[in-house]
K.L.:
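Let me begin by handing over the structure; questions about it come next.
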Amino acid sequence: MSRAPESIALPPAMRASVLRERGVVVLEERPVPAPDADQVLVRIESVGVCGSDVHYYRHGRIGDFVVDAPMILGHESAGTIVAVGADVDPARVGQRVSIEPQRCCRVCKYCKRGEYNLCPRIEFYATPPIDGSFAEYALIQDDFAHAVPDGMSFDAAALLEPLSVGIAAVRKARIGVGDSVLIAGAGPIGAIIAQVARAYGASAVVVTDPVERRRHTAVGLGATEACAPGDAALDGRSFAAFFDATGVTSAVVDGIKRVEAGGAAIIVGMGDDDMLLPVSYITSHEVNVTGIFRYNNTWPTAIELVASGKVDLDALATDHYGLADAEIPLRDKPAPTTLKSMVHPQR
Ligand SMILES: NC(=O)c1ccc[n+]([C@@H]2O[C@H](COP(=O)([O-])OP(=O)(O)OC[C@H]3O[C@@H](n4cnc5c(N)ncnc54)[C@H](O)[C@@H]3O)[C@@H](O)[C@H]2O)c1
Ligand SMILES: [Zn+2]
Ligand SMILES: [Zn+2]
């Protein structure tokens, strides 16, 4: 027997920021969606703007994913549950949650072994044709709406999504106490990996970035040292793990060659599609080279890292926009001080 969905009073319509086609974002009125039996409806408070949102806005596609119908961008989001489907505990209404923005089939071999990010039927917010969360409300399955502690800001709760990318990367590198790591790129992802690597025990965390201000920020956020790519400070040094957070071939090649024998090179950056890699170095030093594609089972760890103060996400949220201005951080070149722009759909 199913019961009526539990909810608090909701308006019939909501505002949503819709990417109609490449370079065109329009504020539209949409019906507030109703949760399926296994879903919750979240009133969205904070959404981080990601490089992929900017890419879809500017180019209308990422690889084979093409925006050929209007789509709502945004996938780093947090808010409050305001309604639940028939099979969800009604006590969840009112909970503050961080959204893990993916939906997997739950039955394929990848899902069964917990690697649900590799599910061939994965659906992900703001990846065509799935709508994201630049909207006043969004739906997610019950178990992918992760409750966050009262003391955690909505900005930090939203940024548990890129933090999850960092956790997935550091887990793959299998680093331990006292290890040294090198990170190329001091954008939000590089700065997050630096903090996570420290939390996992790395003692030396060196970050490279051509932009001085970004290097400065990284040092305030977990890096023990920052320098320009190819700086003489790196000469003769090797690292237990290298993380690429740029997607730039020269950074990947340089980083791999600085990994010590038996170490790991984790390619997180998505940029150049084909790269010429130093295979003889990889072979003779048994470097474990791998990529990561998003994450699985990271939210409990992410919540713990932030709640315990080991990772600071609020410091990343530098710029703030209301929903009507969501196009600004997609369109304009970011200010030198910008690390992460946040969109606040209730403003
Ligand atoms: N694999 C995944 O699941 C996943 C998830 C999220 C993001 N990403 C990717 O991670 C990358 C980083 O994301 P972000 O939001 O931090 O991007 P970002 O563009 O804000 O940061 C990239 C940084 O790299 C620096 N950089 C450029 N060339 C460099 C070089 N040769 N050496 C060192 N630094 C260099 C830039 O100055 C910039 O500060 C992007 O490519 C993004 O697509 C991957
Ligand atoms: Zn993102
Ligand atoms: Zn699956």
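Computation of the quantities below employed the complete heavy-atom set of this structure, encompassing side-chain atoms and omitting hydrogens, waters and symmetry-equivalent molecules. Whatever order the structure lists them in is the order used to number ligands and atoms, beginning at 1.
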K.L.:
Atom 37 (O) of ligand 1: which protein heavy atom is closest, and how many Å away?
P.N.:
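In this structure, atom 37 (O) of ligand 1 has Asp209 OD1, 2.7 Å as its nearest protein heavy atom.
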K.L.:
Nearest protein heavy-atom contact for atom 16 (O) of ligand 1: which residue, which atom, what distance?
P.N.:
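Of the protein heavy atoms, Ile189 N, 2.9 Å lies nearest.
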K.L.:
Among all protein heavy atoms, pick out the one at the shortest distance from atom 42 (C) of ligand 1; state its residue, atom name and that distance to 0.1 Å.
P.N.:
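For atom 42 (C) of ligand 1, the nearest protein heavy atom is Met270 N, 4.1 Å.
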K.L.:
For residues Glu327 and Tyr321, is any side-chain donor paired with an opposing acceptor at under 3.5 Å?
P.N.:
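No, Tyr321 and Glu327 have no side-chain donor paired with an acceptor closer than 3.5 Å.
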K.L.:
Checking Thr80 side chain against Gly94 main chain: does a donor-acceptor pair fall under 3.5 Å?
P.N.:
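It does not hold such a pair.
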K.L.:
Keeping Tyr295 on the side-chain end and Ala168 on the backbone end, is there a donor-acceptor pair under 3.5 Å?
P.N.:
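No, Tyr295 side chain to Ala168 backbone: no donor-acceptor pair under 3.5 Å.
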K.L.:
Between Phe144 and Tyr116, is the ring centre distance below 6.0 Å?
P.N.:
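Judged by ring-centre distance (under 6.0 Å), Phe144 and Tyr116 do meet the cut-off.
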K.L.:
At what distance is the nearest protein heavy atom to atom 18 (P) of ligand 1, and which residue and atom is it?
P.N.:
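Closest protein heavy atom to atom 18 (P) of ligand 1: Arg214 NH1, 3.8 Å.
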K.L.:
Give the numbers and elements of all ligand 1 atoms closer than 4.0 Å to a heavy atom of Phe293.
P.N.:
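Matching atoms, with element in brackets: 3 (O).
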K.L.:
Is there a donor-acceptor pair under 3.5 Å between the side chain of Asp53 and the backbone N or O of Cys50?
P.N.:
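Confirmed, Asp53 side chain pairs with Cys50 backbone.
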K.L.:
Record the part of Tyr295 in heavy-atom contact with ligand 1 below 4.0 Å; permitted values are side chain, backbone, both and neither.
P.N.:
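No part of Tyr295 is near ligand 1 at this cut-off.
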K.L.:
In the protein, what heavy atom is nearest to atom 1 (N) of ligand 1, and what distance, to one decimal place, separates them?
P.N.:
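Residue, atom and distance for the closest contact: Ile292 O, 2.8 Å.
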K.L.:
N/O/S of Asp53 less than 2.8 Å from the Zn ion (ligand 2)?
P.N.:
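Given the 2.8 Å cut-off, Asp53 does not count as a ligand of the Zn ion (ligand 2).
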K.L.:
Which of the numbered atoms in ligand 1 are below 4.0 angstrom from a heavy atom of Pro229?
P.N.:
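It comes down to these atoms of ligand 1: 30 (C), 32 (N), 33 (C).
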K.L.:
Should you measure from each heavy atom of Thr208, which atoms of ligand 1 turn up under 4.0 Å away?
P.N.:
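This gives 33 (C), 34 (N) as the contact atoms.
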K.L.:
Between the side chains of Arg106 and Asp143, is the shortest nitrogen-to-carboxylate-oxygen separation below 4.0 Å, so that they form an ion pair?
P.N.:
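The answer is yes: the pair qualifies as a salt bridge.
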K.L.:
State whether the side chain of Thr217 and the backbone N or O of Arg213 hold a donor-acceptor pair below 3.5 Å, judged by distance alone.
P.N.:
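Confirmed, Thr217 side chain pairs with Arg213 backbone.
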K.L.:
My understanding is that we take every heavy atom of each candidate and find the minimum distance to atom 28 (N) of ligand 1. Doing that for Val165, Ile62, Val248, Val211, which one comes out nearest?
P.N.:
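Minimum heavy-atom distance to atom 28 (N) of ligand 1 goes to Val248.
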K.L.:
Donor-acceptor pair, His344 side chain versus Glu45 backbone, under 3.5 Å?
P.N.:
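Yes, His344 side chain to Glu45 backbone: donor-acceptor pair under 3.5 Å.
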K.L.:
Is atom CZ of Phe124 surrounded by more than 12 heavy atoms (other residues, nucleotides or ligands) closer than 6.0 Å?
P.N.:
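Enclosed.
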K.L.:
Taking both backbone and side-chain atoms of Pro188, is any N or O found less than 3.5 Å from an N or O belonging to ligand 1?
P.N.:
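By distance alone, the answer is yes.
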K.L.:
Go through the side-chain N and O atoms of Glu115 and Asn296 and say whether any donor and acceptor fall under 3.5 Å apart.
P.N.:
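Checked: Glu115/Asn296 side chains show no N/O donor-acceptor pair below 3.5 Å.
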K.L.:
Any idea which protein heavy atom is nearest atom 3 (O) of ligand 1, and the distance to it?
P.N.:
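The closest one turns out to be Arg294 N, 2.7 Å.
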K.L.:
Please check if a non-hydrogen protein atom sits closer than 4.0 Å to atom 26 (N) of ligand 1.
P.N.:
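Given the 4.0 Å cut-off, atom 26 (N) of ligand 1 counts as touching protein heavy atoms.
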K.L.:
Please check if atom CZ in Arg22 has more than 12 non-hydrogen atoms from other residues, nucleotides or ligands closer than 6.0 Å.
P.N.:
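Open: at most 12 neighbouring heavy atoms sit under 6.0 Å from CZ of Arg22.
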K.L.:
Output yes when the distance from some N or O of ligand 1 to some N or O of Gly271 is under 3.5 Å, and no in every other case.
P.N.:
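So ligand 1 has no N or O lying under 3.5 Å from an N or O of Gly271.
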K.L.:
Before signing off on this row, confirm whether Ala184 and ligand 1 have an N or O atom pair separated by under 3.5 Å.
P.N.:
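Min N/O separation from ligand 1 is not below 3.5 Å for Ala184.
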K.L.:
Can you report which non-hydrogen protein atom sits closest to atom 22 (C) of ligand 1, along with the distance?
P.N.:
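Closest protein heavy atom to atom 22 (C) of ligand 1: Ala245 O, 3.6 Å.
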K.L.:
Can an N or O of Val268 be found at a distance shorter than 3.5 Å from an N or O of ligand 1?
P.N.:
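By distance alone, the answer is yes.
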K.L.:
Should the heavy atoms of other residues, nucleotides or ligands under 6.0 Å from NE2 of His59 be counted, would the total exceed 12?
P.N.:
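Yes.
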K.L.:
Between the Zn ion (ligand 3) and Cys105, is there an N, O or S atom separated by less than 2.8 Å?
P.N.:
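True for Cys105.
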K.L.:
Do Thr298 and Arg171 pair up side chain to side chain, a donor and an acceptor below 3.5 Å, judged on atom types alone?
P.N.:
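No pair is found: no donor N or O on one side chain lies under 3.5 Å from an acceptor on the other.
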K.L.:
Heavy atoms only: which of Gly187, Gly269, Gly255, Ala228 is nearest to atom 21 (O) of ligand 1?
P.N.:
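It is Gly187 that holds the nearest heavy atom.
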K.L.:
Please state the angle at the Zn ion (ligand 2) spanned by NE2 of His75 and OE2 of Glu76: what is it, rounded to 10 degrees?
P.N.:
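Value returned, to the nearest 10°, is 110°.
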K.L.:
Pro210 versus ligand 1: do any nitrogen or oxygen atoms come within less than 3.5 Å of each other?
P.N.:
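No; every N/O pair is 3.5 Å or more apart.
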K.L.:
Compute the angle centred on the Zn ion (ligand 3) spanning SG of Cys108 and SG of Cys111, and express it rounded to 10 degrees.
P.N.:
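Value returned, to the nearest 10°, is 110°.
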K.L.:
Taking His55 for the side chain and Gly51 for the main chain, is one N or O donor matched with an acceptor at less than 3.5 Å?
P.N.:
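Judged by distance alone, no pair lies under 3.5 Å.
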K.L.:
Which residue supplies the protein heavy atom nearest to atom 31 (N) of ligand 1, what is that atom called, and how far is it?
P.N.:
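Answer for atom 31 (N) of ligand 1: Ala251 CB, 3.7 Å.
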